[in-house]
Amino acid sequence: EFEVETSLANGKGWEKAVSSVKWKKGDLACFAFRRQSQFKRVFFSGPTSEFLRHCPAPSLIFPPSTA
(Lines give C-alpha, C1' and ligand atoms only; values in the text may rest on other atoms or scores of the structure.)
Protein backbone atom coordinates (compact mmCIF):
# COMPACT_ATOMS: atom_id res chain seq x y z
CA GLU A 1 0.00 0.00 0.00
CA PHE A 2 1.01 3.58 -0.53
CA GLU A 3 -0.53 6.96 0.06
CA VAL A 4 -0.86 9.61 -2.64
CA GLU A 5 -0.77 13.27 -1.67
CA THR A 6 -0.92 16.33 -3.88
CA SER A 7 0.46 19.81 -3.31
CA LEU A 8 -0.29 23.15 -4.82
CA ALA A 9 2.37 25.81 -4.58
CA ASN A 10 2.92 29.35 -5.70
CA GLY A 11 5.68 31.87 -5.55
CA LYS A 12 7.37 34.59 -7.50
CA GLY A 13 8.97 32.49 -10.25
CA TRP A 14 9.45 28.75 -10.57
CA GLU A 15 12.31 28.52 -8.09
CA LYS A 16 10.28 30.10 -5.26
CA ALA A 17 7.18 28.05 -6.09
CA VAL A 18 9.01 24.73 -6.22
CA SER A 19 11.01 25.45 -3.08
CA SER A 20 7.82 26.32 -1.16
CA VAL A 21 6.78 22.64 -1.31
CA LYS A 22 7.87 20.51 1.64
CA TRP A 23 9.60 17.79 -0.38
CA LYS A 24 10.25 14.52 1.47
CA LYS A 25 12.49 11.59 0.74
CA GLY A 26 10.74 9.35 -1.78
CA ASP A 27 8.61 12.12 -3.32
CA LEU A 28 7.98 12.04 -7.04
CA ALA A 29 6.77 14.91 -9.21
CA CYS A 30 4.28 13.87 -11.90
CA PHE A 31 2.79 16.09 -14.56
CA ALA A 32 1.60 16.12 -18.16
CA PHE A 33 2.41 18.43 -21.03
CA ARG A 34 0.23 19.63 -23.85
CA ARG A 35 0.05 18.12 -27.28
CA GLN A 36 1.34 21.33 -28.94
CA SER A 37 5.08 21.44 -29.54
CA GLN A 38 5.80 18.54 -27.20
CA PHE A 39 9.45 18.20 -28.05
CA LYS A 40 10.10 21.92 -27.84
CA ARG A 41 8.24 22.33 -24.55
CA VAL A 42 10.13 19.52 -22.81
CA PHE A 43 13.64 20.12 -24.11
CA PHE A 44 13.93 23.78 -25.00
CA SER A 45 11.48 26.14 -23.35
CA GLY A 46 8.19 26.50 -21.58
CA PRO A 47 6.85 25.60 -18.15
CA THR A 48 8.09 22.00 -18.22
CA SER A 49 11.75 22.88 -18.59
CA GLU A 50 11.44 25.71 -16.05
CA PHE A 51 9.91 23.33 -13.53
CA LEU A 52 12.57 20.66 -14.11
CA ARG A 53 15.40 23.14 -13.48
CA HIS A 54 14.22 23.66 -9.92
CA CYS A 55 12.52 20.41 -8.91
CA PRO A 56 14.56 18.48 -6.30
CA ALA A 57 12.53 15.28 -6.74
CA PRO A 58 12.58 12.74 -9.57
CA SER A 59 10.00 13.70 -12.18
CA LEU A 60 7.65 11.74 -14.44
CA ILE A 61 6.41 13.57 -17.51
CA PHE A 62 3.34 12.08 -19.14
CA PRO A 63 2.58 12.64 -22.82
CA PRO A 64 -0.92 13.77 -23.74
CA SER A 65 -3.59 11.10 -23.80
CA THR A 66 -4.19 9.48 -27.16
CA ALA A 67 -7.78 8.61 -26.25
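Heavy atoms only: backbone and side chains are in, while hydrogens, waters and symmetry mates are out.
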Contacts of type side-chain contact (heavy atoms from CB on, under 4.5 Å), residue [X], not counting sequence neighbours:
X	answer
L8	none
S19	none
A9	S20, V21

Requested in this report: Write out all pairs satisfying salt bridge (Lys or Arg N to Asp or Glu O under 4.0 Å) with one or both partners inside residues 11-24, taking only residues at least two apart or from two chains.
Outcome: E5-K24

Query raised in the report: Under the 4.5 Å side-chain heavy-atom rule for ILVMFWY, direct or indirect, which residues accompany F2?
Result: V4

Query raised in the report: Checking W23 side chain against V18 main chain: does a donor-acceptor pair fall under 3.5 Å?
Result: yes

Query raised in the report: How close do A17 and G11 get, heavy atom to heavy atom, and via which atoms?
Result: CB-N, 3.8 Å

